[in-house]
Amino acid sequence: VGSAGKQVFSVAFKPATRLEVWDKGAVSVHRAALMYSLPILANYTVYGHHFGTDAMSNDYFIQPSSPWRFALDVNPNQIDPALLLFSAKGYQPGAAPFNHSGWPTQVTARLRMLPS
């Protein structure tokens with residue numbers, strides 16, 4: 001809290017990248033409040049419908065339709081900036097990032113395929 005009851009906020013326009021290590025060595029990539037993930041294409045099959053139109057209140061069985069068994073090829077204890085490349089194009093009119101029709105930021109990273 002600043003003087004005379006005013007609040008002070010800070011905004012980091014180039015936030016640090018961090019890797020979080022999870023159970024059994026899994027790693028997630030974070031930059032500020034965002035967590036990045038591999039976009040996986042999927043086939044959706046309705047296995048339960050409860051009420052309303054066909055698009056309402058459904059239960060889905062989801063199967064991946066694109067490769068998904070990848071691991072980041074990084075050392076979580078020492079981030080090499082050359083291995084995690086961030087790009088930001090900013091919001092584009094008509095994009096809806098939360099339904100996968102256009103992400104304003106993305107990360108490019110070196111991956112390795114995991115065995116089946």
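Please read all numbers here as calculations on a predicted model, not as lab measurements.
- Panel note: side chain His50, backbone Met56; no donor-acceptor pair is recorded below 3.5 Å.
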Side-chain donor-acceptor pairs of residues 107-115 under 3.5 Å, sequence neighbours excluded:
residue : atom : partner : partner atom : Å
Arg110  : NE   : Asp73   : OD2          : 3.3

Using residues 31-48 as the side-chain source, report each donor-acceptor pair under 3.5 Å to any protein atom, sequence neighbours left out, with the distance given to one decimal.
residue : atom : partner : partner atom : Å
Arg31   : NE   : Pro15   : O            : 3.4
Tyr36   : OH   : Thr105  : OG1          : 3.0

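- Ser116 contributes atom OG, which lies 4.5 Å from atom CZ of Arg69 (distance to the nearest 0.5 angstrom).
- Both Trp68 and Val29 sit in one connected hydrophobic cluster of ILVMFWY residues. Membership requires side-chain heavy atoms under 4.5 Å apart, directly or through other members.
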